[in-house]
Structure formats: structure tokens, C-alpha cells
Q: 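Pasting in a structure now, in C-alpha cells, and then I'll have a few things to ask.
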Amino acid sequence: MRIKAFAFVVGFILISCHTQKKQDFFDLTFQPKIIADNSTLAEGPAVDSQGNLYYSDQPGDKISKVTPSGEVSVYIHPAGVTNGIAFDNNGKMILCQSGSDNYPQNPDAALRRIVRIENSDSITVLADTYKNNRFIAPNDLCVDKKNRIYFTDPWYGNESVEKSQPVSGVYRIDSPGNVVLIISDLQRPNGILISPDQKKLFVSDRGTQLLHQYALAEDGSVQHEKVVYDFSPDRGIDGMCMDIKGNIYGAAGKEKTTGIYVINPKTNSQVAYYPFPETAFNLAFGGKDSKSLFVASGGKIYQLRTINEGIVLLP
């Protein structure tokens, strides 16, 4: 696929006075690129240890791959209506196979589970039920250094998606089939992120548009510490990642406000904003120097460059 340069519109509304510091976080000399545009709705970007980028397309029921040289191909189809993608400490791909109102014509294709891809012919189901009931719509996930998986399971009130759990939960998988509900009081938990020191868990609630911070204990339990940022009445963070200085890069906002928001969790403030022409859904760091930021927006994957290195948790 030919790489296309994209000229961003400069007339977007600046969200706050902190946006004057955009140049401190984004390389403004780099021309943003569209590196893939084969999806209806791109989501869940994740980078493996070889530098390959993977991303999901729920309506298309597929996962695509972009090599470091820019070759784009379909990696898995059908993909169980995958949303979030991550890699564990052994380099295995982990999928949130979701339920979605984008796929009402074949609800059985929405497998609503967490799986690990072992090879081209084998998967391991890590979790598909909690207390004998199916999950609602596994959305996003992250993996800690003990190979435990944390994922969000929100219900958005869509009649086409079964509310099979009493709450929109955040869960931890300790081993295949061993699932613990760790957060049960959020309306629509969505994006999720672990700090590199493994002491903080961040969860975005798309019901209240709040970004929450939790203390993460060694045993995997959590305790709420604070609200890091309130995006309301705008759209809160969908997906997020972190740079080596601890700043959170979140895909948020809608229409004229959509883009990448840089949030400092130490000061509970927005420190930068990068506008996008289409709704920004999720993002991930990658590249040889971990300064490439891959953003799923609309049906495309964009590449930006950042000033700080990003956290890429790989074996």
C-alpha cells in the first residue's frame, strides 16, 4: 500500500491554554502519514517485538498487519469482532473478542471473550465467562509483568448487545479461566493502562468521561486514588498509552475536538493537544526509537512522531 502524506487542518479549535506546548510533545517537523486505510473502523493498535503493527476492524471482523517496511495485509479473518489487542510477556498476541452494535447482522460472530493466539492453527481461551455468565463486550486490555491480563467489559446500553453481567466491570485474569472482578462501580470502563513501575492502573470511564487512577498492589488488587482528568461534557478517552516521562496520550474528543490529548497524571492537567480530522479511537507507540505514535482514527492508521520515547512493553 502506498504511504500517503496527510496535511492536518490548522484551524481546529485549541482546547486549552496548555495546547501552546504541543511542540514539547509532538515533532511538528514530521509530516503525519496515513500508513493504512483498509478498515471501516480501525481500533486496538499494538506493536510486536519485531516492529510489526497490528490493528482491528470490528465491522470488517478482521485484524490487519503493517510491517516496518509499510506492507499492509489481513492477518486474521474472521477475528471474533476483535477490539483491543496486546502482547504478553512471551510475545503472544492477546485479543478482546468483543460484542458490538456494529455487528448486529451476525451476533454469534461476537465471541465476547479474551483469547491468546498460540499459532496460525491454535488459540487458548483465557476467559469467556464470569460466575457462569458471558462477558458483555470486552473492549480494551493491558498485561502486567507477571503476565496477568486486565481488561474492561462495558455495556453501552445498546439493545443489540446482551447485558450478560450485572455491572460494566474491569477484570483481571490470573491464569486461563481464573478471573477476578477488580472494579465494579464505573459506568462504561473503556481504555486501560498500567504504569511501567506497575504501581498504577488507569481506567477511562466513558459513562462519566472521567480518567481514574488506582493504586495497583503486587497481588493485582486495586484501590481508587483519584480522578486524573474530567473530559465532560466532551468525549473521554477511548484508548491510551504512556511516554517514558509518565504522560498519558489519550484518544478523545468528538467532531471538532477529537484528537490526541496529553495528560499529566501528577498534576491532573492537560498539557498538550493534537487535533485530528476524524474521530480518534486508540493509539500505540512503536518504531525503532519508540517515538512513532500510531493512531487509529476513522478507518485509517496514522503515524505521528513524538518528542519523548513511548513505553512499549515487550518481552
Side-chain angles (χ1 to χ4, degrees), residues 1 35-36 38-100 103 106 108-130 134-135 137-153 171-179 192 194 239 241 282-288 290 292 294 296 301 311-315:
M1 178 174 292
I35 62 171
N38 67 337
S39 300
T40 302
L41 192 158
E43 253 283 12
V47 177
D48 70 11
S49 57
Q50 285 75 49
N52 299 300
L53 172 70
Y54 301 84
Y55 58 95
S56 59
D57 176 10
Q58 288 183 296
D61 196 21
K62 65 186 178 184
I63 295 171
S64 295
K65 173 183 176 180
V66 185
T67 66
S69 62
E71 297 176 6
V72 181
S73 62
V74 175
Y75 184 68
I76 299 176
H77 176 74
V81 193
T82 291
N83 192 331
I85 303 172
F87 288 90
D88 69 12
N89 299 332
N90 301 313
K92 298 287 188 179
M93 179 183 284
I94 311 295
L95 308 180
C96 278
Q97 293 183 322
S98 186
S100 174
Y103 215 89
N106 187 6
D108 291 337
L111 299 175
R112 295 154 56 188
R113 63 187 186 179
I114 309 297
V115 302
R116 182 174 66 220
I117 306 299
E118 305 295 355
N119 53 53
S120 59
D121 300 317
S122 176
I123 67 168
T124 296
V125 177
L126 301 176
D128 57 3
T129 62
Y130 178 71
R134 295 181 71 190
F135 295 114
N139 185 291
D140 203 0
L141 73 166
C142 57
V143 182
D144 71 13
K145 291 182 179 179
K146 295 183 178 180
N147 239 13
R148 296 176 299 202
I149 299 163
Y150 302 77
F151 71 95
T152 56
D153 185 42
Y171 297 87
R172 187 187 74 240
I173 304 173
D174 294 330
S175 60
N178 187 1
V179 184
I192 188 167
I194 295 177
C241 55
N282 211 331
L283 66 174
F285 278 107
K288 290 183 179 180
S290 299
S292 287
F294 300 107
I301 300 293
I311 300 296
V312 183
L313 299 177
L314 293 171

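Hydrogens, waters and symmetry mates play no part in the numbers below; they use all other heavy atoms, side chains included.
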Q: Any non-hydrogen side-chain atom of S64 less than 4.5 Å from a side-chain atom of D57?
A: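 Side-chain contact under 4.5 Å: no.
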Q: For T67, enumerate each residue passing the side-chain contact (heavy atoms from CB on, under 4.5 Å) test, keeping only those at least two apart in sequence or located in another chain.
A: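 In terms of side-chain contact (heavy atoms from CB on, under 4.5 Å), with neighbours along the sequence ignored, T67 is linked to N52, K65, S69, E71.
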Q: Is there any ring-ring contact (aromatic ring centres under 6.0 Å, His included) pair reaching into residues 59-82, and which pairs are they, with sequence neighbours excluded?
A: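 Qualifying pairs: Y54-Y75.
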Q: When you measure from the side chain of K92 to the backbone of I117, do you find a donor-acceptor pair of N or O atoms at a distance under 3.5 Å?
A: no
Q: Sequence neighbours left out, what passes side-chain contact (heavy atoms from CB on, under 4.5 Å) with S292? Give chain and number order.
A: F294, Q303, R305
Q: Just wondering, do L141 and I173 contact through their side chains at under 4.5 Å, heavy atoms?
A: no
Q: Do V72 and I301 have side-chain heavy atoms sitting under 4.5 Å apart?
A: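 Counting from C-beta outward, V72 and I301 never come under 4.5 Å.
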Q: Specify whether F151 and Y171 have parallel, tilted or perpendicular ring planes, treating 30° as the upper limit for parallel and 60° as the lower limit for perpendicular.
A: parallel
Q: Just verifying a value: how many Å separate I94 CD1 and I149 CD1, rounded to the nearest 0.5 Å?
A: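 Those atoms lie 4.5 Å apart.
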Q: Can you list the residues that meet the side-chain contact (heavy atoms from CB on, under 4.5 Å) rule with D121, with sequence neighbours excluded?
A: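 Once residues adjacent in sequence are excluded, the partners of D121 under the side-chain contact (heavy atoms from CB on, under 4.5 Å) criterion are N119.
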Q: Any salt bridge between R148 and D144, counting N to O under 4.0 Å?
A: yes
Q: Check side-chain contact (heavy atoms from CB on, under 4.5 Å) between N83 and all other residues, then give those that pass, not counting sequence neighbours.
A: E43, Q58, S98, N139
Q: R112 side chain to F135 main-chain N or O, any donor-acceptor pair under 3.5 Å?
A: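 Yes: the side chain of R112 pairs with the backbone of F135.
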Q: Side chains of R113 and I123: closer than 4.5 Å at any heavy-atom pair?
A: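 Side chain of R113 against side chain of I123, heavy atoms only: contact under 4.5 Å found.
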Q: Starting at CE of M93, measure out to OG1 of T82 and round the result to the nearest 0.5 Å.
A: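 Reported to 0.5 Å precision, the distance equals 9.0 Å.
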Q: Tell me the closest heavy-atom pair linking P68 and G51, and the distance in Å.
A: CG-O, 3.7 Å
Q: From I85 CD1 over to I63 CD1, what is the distance, rounded to the nearest 0.5 angstrom?
A: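 Between atom CD1 of I85 and atom CD1 of I63 there are 4.5 Å.
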Q: If I compare all heavy atoms of D153 with all of P138, which pair ends up nearest, and what's the gap?
A: OD1-N, 3.2 Å
Q: What are the two closest heavy atoms between P45 and A296, and how far apart are they?
A: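 Closest approach of P45 to A296: CD-CB, 4.1 Å.
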Q: Looking at side-chain heavy atoms only, is the closest gap between L53 and I35 below 4.5 Å?
A: yes
Q: Would a distance-only check, ignoring hydrogens and angles, find a side-chain to backbone donor-acceptor pair under 3.5 Å from T152 to D140?
A: yes
Q: Tell me the closest heavy-atom pair linking Q97 and G80, and the distance in Å.
A: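 In terms of heavy atoms, the two residues are closest at CB-O, 3.4 Å.
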Q: To the nearest 0.5 Å, what is the distance between CG (L126) and CG (D174)?
A: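 Here the rounded value is 11.5 Å.
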Q: Between V66 and A36, what is the shortest heavy-atom contact and its length?
A: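 Nearest pair, atom of V66 first, then A36: CG2-CB, 4.1 Å.
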Q: Specify the closest pair of heavy atoms between F285 and I311, including all atoms of both residues, with the distance to one decimal.
A: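 In terms of heavy atoms, the two residues are closest at CD1-N, 4.1 Å.
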Q: Under the side-chain hydrogen bond (donor to acceptor under 3.5 Å, both in side chains) test, which residues partner Y55, sequence neighbours left out?
A: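 side-chain hydrogen bond (donor to acceptor under 3.5 Å, both in side chains) list for Y55, sorted by chain: N38.
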Q: Atom CG in D61, atom OG1 in T40: separation rounded to 0.5 Å?
A: 11.0 Å
Q: Output yes when a side-chain donor or acceptor of D88 lies under 3.5 Å from a complementary backbone atom of N147, and no otherwise.
A: no
